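See structure below.
Just so it is clear: chains get the letters A, B, ... in the order the sequence lines come, proteins before strands, and each one is counted from 1. Computed from a prediction, not measured in an experiment: that's the story for all the values here.
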Amino acid sequence: MPELPEVETIRRTLEPLVRDQKITAVEVLDRTCVGFPDPESFQDRLAGHYVAGLERRGKYLIWELAQNRQPSGLVLVVHLRMTGRLVYKRADEPPDRYRRLVLRLENGDLVEYADLRRFGRLWLLSSDQQSAAAVTKTASSATEAAANGGPKGLWGLGPEPLAEEFSASYLRAVCTGRRAAIKSLLLAQEHVAGVGSIYADEALFRAGVHPARPAGTLDEREIGRLVDSLKSVLAEAIQHRGTTFSDYRDGRGRRGEFYDRLAVYGREGKPCPRCGSIISRGRAGGRSYRFCPQCQK
DNA sequence: AGACCCCTGCTG
DNA sequence: CAGCAGGGGTCT
């Protein structure tokens with residue numbers, strides 16, 4: 001489940017391998033993974049572009065494209081959802097069993113997009129549209145996005161959790177008056193971008209806050225601890241190149257190493273690393289959470 | 001704000 | 001072999 005640290009790791013590992021390289025050909029093996037435009041136009045328009053650089057926004061990976069050293073006005077946007085992978089390979093390396101799309105590069109290597117569950121999507125969008133949408137959150141850009149079949153979530157993303165903008169005062173403003181569980185609020189990409197189930201659970205554990213607490217009931221100190229915890233767990237996960245449960249791989253096909261440092265996620269029935277109580281599980285807002293009944297009130 | 005859907009491997 | 005998991009979108 002690639003979340004912010006995993007997508008950031010893919011960005012960092014892939015960028016040096018693809019920057020300034022030409023995409024010579026695009027092979028769409030599974031039409032369902034192309035979100036916009038239609039698969040034929042996607043192939044035709046993307047082929048021939050150079051990769052100017054890779055950016056990340058929330059869980060979205062954004063490929064800046066160029067043509068003849070000039071910005072081409074197009075970006076390739078990728079969301080891996082649950083089981084998507086983006087791996088740089090030599091042409092003679094065996095394909096992933098779930099290979100869905102291939103970007104051929106002029107040096108003979110390729111970038112393989114694979115996705116077991118086929119929830120992931122790729123979109124080829126005009127860059128002014130994408131950047132305008134990233135900074136504004138207006139209804140008009142959202143409408144425009146919908147009309148163009150773009151990635152709707154990208155248009156309404158909240159602040160990056162590692163940016164200063166994501167502060168205790170910001171989170172307090174978001175939580176105030178809300179009865180939804182704090183965990184659901186952390187997962188809502190319009191409030192904070194890039195947090196998924198793993199890091200929401202881990203941050204709540206570190207902050208000592210019960211995941212099902214109505215957001216509005218958190219006091220000032222809890223809000224402060226939660227902001228700090230989220231930032232620290234995300235930064236540490238990036239340092240360890242993400243968390244691999246089964247599917248996630250970085251841009252070079254390697255596993256992430258944060259798995260061993262998880263305190264609660266995937267550890268139900270095991271002892272809490274802090275107090276030894278048994279980690280248990282609950283459900284809020286239609287999504288499950290893991291927590292330590294002793295440490296999280 | 002919650003139900004349901006997408007999709008497929010794995011679990012009970 | 002039904003049911004669950006899960007990011008995020010849609011529909012109610």
Side-chain angles (χ1 to χ4, degrees), chain A residues 1-8 10 29-36 56-61 77-86 96-101 113-123 133 137 139 141-158 161 174-204 211-217 234 237 242-249 259 262 264-269 279-290:
Chain A
M1 306 121 221
E3 303 180 25
L4 187 154
E6 289 75 33
V7 179
E8 179 60 23
I10 292 170
L29 307 171
D30 178 351
R31 303 170 59 85
T32 63
C33 69
V34 178
F36 184 85
R56 181 192 57 74
R57 187 72 177 89
K59 301 174 194 172
Y60 290 89
L61 187 68
V77 176
V78 183
H79 197 302
L80 301 170
R81 294 282 170 86
M82 300 283 295
T83 53
R85 290 180 180 179
L86 219 38
D96 188 290
R97 181 176 170 191
Y98 303 104
R99 177 181 278 195
R100 308 289 181 197
L101 186 146
Y113 172 75
D115 188 0
L116 187 159
R117 289 185 189 172
R118 300 199 280 189
F119 286 168
R121 290 287 180 276
L122 298 87
W123 302 265
K137 281 203 264 180
S141 63
T143 308
E144 200 180 325
N148 291 325
K152 296 167 186 67
L154 182 58
W155 274 264
L157 284 181
V174 170
C175 289
T176 301
R178 290 187 186 266
R179 274 171 288 190
I182 183 62
K183 159 122 192 205
S184 336
L185 194 138
L186 292 178
L187 294 180
Q189 304 297 298
E190 71 262 31
H191 296 315
V192 51
V195 180
S197 215
I198 298 176
Y199 300 107
D201 281 1
E202 293 297 312
L204 287 162
R213 284 271 300 283
T217 68
L234 293 172
T243 302
T244 295
F245 259 81
S246 52
D247 297 288
Y248 164 71
R249 296 292 186 277
Y259 182 91
L262 297 175
V264 290
Y265 191 89
R267 297 196 66 252
E268 308 137 66
I279 300 299
S280 62
R281 169 189 281 256
R283 217 171 164 76
R287 224 103 247 183
S288 54
Y289 57 79
R290 305 84 193 154

* Asked: Can A/Leu122 and A/Val78 be said to form a side chain to side chain contact (heavy atoms under 4.5 Å, CB included), step by step?
  -> CA-CA 5 Å; A/Leu122 298 87; A/Val78 183; 4.0 Å; yes

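- Here the CG-CG distance, from A/Asp30 to A/Asp115, works out to 8.5 Å after rounding to the nearest 0.5 Å.
- Checked options A/Glu268, A/Arg281, A/Lys183; the residue passing with A/Ser288 is A/Arg281 (criterion: side-chain hydrogen bond (donor to acceptor under 3.5 Å, both in side chains)).
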* To do: Sugar-phosphate means primed atoms, P, OP1 and OP2; the rest is base. With that split, encode nucleotides 2-12 of chain C 5' to 3' as B, S or - using protein heavy atoms under 4.0 Å.
  => ---BBBBSS--

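- Remark: A/Arg118 is not in phosphate contact with B/dC6, judged by side-chain N or O atoms under 4.0 Å from OP1 or OP2.
- At a threshold of 4.5 Å between non-hydrogen side-chain atoms, the residues A/Tyr289 and A/Val264 do not count as touching.
- The phosphate of B/dG9 (OP1 or OP2) has a side-chain N or O of A/Tyr98 nearer than 4.0 angstrom.
- Contact check for A/Tyr60 versus A/Leu157: side-chain heavy atoms found under the 4.5 Å cut-off.
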